[in-house]
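What follows is a set of notes on a single structure, which appears directly below.
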There are 2 protein chains.
Amino acid sequence: MADSRTPRSSDGLGSASPAPAVTRAAAVMDALAASATGRLTLSDLARELGIPKSSTSNLLLALEEARLISRQGAEFTLGRKLVELGAAYLSRLDEVQEFYRFCEQAPTLSGETVRIAMLDGTNVIYLARYEGHPAVRLTSNIGDKMPVSLCAVGKALIARLHDHDVDAMFSDTAELPVLTPKSLRTGAELKAQLRTIREQGYAFEDEESTTGVVCLAVSVPTRGAHGPSLGLSVTALKATYTEEQGSQMVKELKELARSLGNPMG
Amino acid sequence: MADSRTPRSSDGLGSASPAPAVTRAAAVMDALAASATGRLTLSDLARELGIPKSSTSNLLLALEEARLISRQGAEFTLGRKLVELGAAYLSRLDEVQEFYRFCEQAPTLSGETVRIAMLDGTNVIYLARYEGHPAVRLTSNIGDKMPVSLCAVGKALIARLHDHDVDAMFSDTAELPVLTPKSLRTGAELKAQLRTIREQGYAFEDEESTTGVVCLAVSVPTRGAHGPSLGLSVTALKATYTEEQGSQMVKELKELARSLGNPMG
DNA sequence: GGTTACTGTTCAGTGGAATGAACAACCTAC
DNA sequence: GTAGGTTGTTCATTCCACTGAACAGTAACC
């Protein structure tokens, strides 16, 4: 009862938003990004987002004109403009621009796959990858998302948050996504690891996302006050990995992180 | 007289648009992507786009909530969500997903820098890069844009268009952007090359974007009816480049292109 | 201190965009 | 063929988001 007055609050979107069309447009793109095939029809979108079909039609027309989405017959997909904009975002991240240059100066790392990733909610997004002498090529691509609990970079990045922020993301009993038998299962397990990570200054992943693969990661000091939270990781084969090699990698990762964290490093 | 009635047509945006807020939001992101520093204030944006400040404020609030832009003090930048969306777009392009795998099977190419790019208006956008044994590492990054007239891929891609489409993009006297003394200068010069490219089946770039560097490129047959126009290029040093090596590269590029063009190649 | 030129915010009035019912154009089905 | 399920489109009505002027807060200038 009570204030069932607001007719539009039926959708889950933020309550009194200033430019609802924009919020909805973003929801459309999210839905397309989240859908399995990346293709949805007008009716699909209208149903999923709880927007009247006629309004959805208008919305899609505007999005299409802006090339933020693309119409393919009766189906809609994300548009090319998004590649452009995403690239523009990355081109402004000096850390990414400098990443390749710095990787080459790290003797141990240069033989392995090094990646730089960004924290995004409870996921990390891989931004760039350096493969010195690709013995094993990872299947992961730039832009791929990975739950923080499943990878070393993810753990390194949330280890930097305050406890109550982590608590807000994961309750102790929260069920975490699982990819291998060694994947962490609960929020509590994850938080226990964070303590170790904070003490050591780096994170380790032991076949938690891919069997046969281990990872080391550190976080990059954030430049300025508002930049995204960035981290670096190295991937190695469990079969050939040694602690000795690991500590050398961590050392080099930390150097890289320091370089990237210092403007004009 | 007559229909000077529409008060809002003062901005250069498409006339009667259905969801103007969306069109404007896209314009905001474009402006941020185009600006030199990637940082603009509310007033900057309002002035540049010809939108009242109060409206701009609302727009920015909604964009920020959707994480399509990010506020940093008084300045706005593109938002992280754009990386996510751009990545989602690319992850649906099977050609890009398969690109790395196929590159490794090309013996000559595997020692060079191979790239896959997408046509976007009068520019190409580089989507992925493969560096087998990086003798020379290019400074270009994924997502970088390049005018079609300045690179082999660009020329290969517009060679595929009909003449009248090319004419619509470039008049004969159009002044093309110039990066080196060898850059093409006019639309007419460009169009003359297209004929050769169509005959040969590949495009060549002779130090037109970077002195000391040559490029070969072919276009990839478009899958389905609506996909983007994709092309492949190899980069080599002019100093070590031979015609013999070139014709081998073209052969392998064409094989790659054919593989990528065939679903489940 | 006063002036000017900015910044971004507030708020009431209003014009245009969102709405939903009715529509048309398909399909499959039995 | 008629019914039931789609699909996306159209259009008059109505309400809400946009507007613009007035506001407040800051910075630089003489």
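Residue numbering restarts at 1 for every chain, and letters A, B, ... go by the order of the sequence lines.
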Side chain of A:Ser43 (C-beta onward), nearest among D:dT19, D:dT7, C:dG8: D:dT7
Pairing of B:Asp120 and B:Lys145 as salt bridge, 4.0 angstrom limit: no
Nucleotide C:dT9, atom P - distance to CD of B:Glu64 in whole Å: 10 Å
Listed nucleotide nearest any side-chain atom of B:Lys53, set C:dT7, D:dT19, C:dA17: C:dT7
B:Ser57 side-chain N/O to C:dG8 phosphate OP1/OP2 under 4.0 Å: no
Between P of D:dT19 and CG of B:Leu49, the distance in whole Å: 12 Å
Separation of atom CG in A:Leu45 from atom P in D:dT9, rounded to whole Å: 13 Å
Lys NZ or Arg CZ of A:Arg115 over A:Tyr126 ring: under 6.0 Å, within 45°: yes
N-O pairing of A:Arg223 and A:Glu98 below 4.0 Å: yes
Protein-nucleotide distance (A:Leu59, atom CG; C:dA17, atom C1'), rounded to Å: 12 Å
Of the listed nucleotides C:dA17, C:dT9, C:dA18, the one nearest the side chain of B:Leu42: C:dT9
Rounded distance in Å - CG (B:Leu40) to P (C:dT7): 12 Å
Contact under 4.0 Å: A:Arg47 side-chain N or O vs D:dT7 OP1/OP2: yes
Charged N-O contact under 4.0 Å between B:Asp30 and B:Arg24: no
Between C:dA17 (P) and A:Leu61 (CG): distance, integer Å: 13 Å
Nucleotide nearest A:Asn58 when distance is taken to its side chain, options D:dT9, D:dT19, C:dA18: C:dA18
Under-3.5 Å donor-acceptor pair between A:Ser54 side chain and C:dG20 base: yes
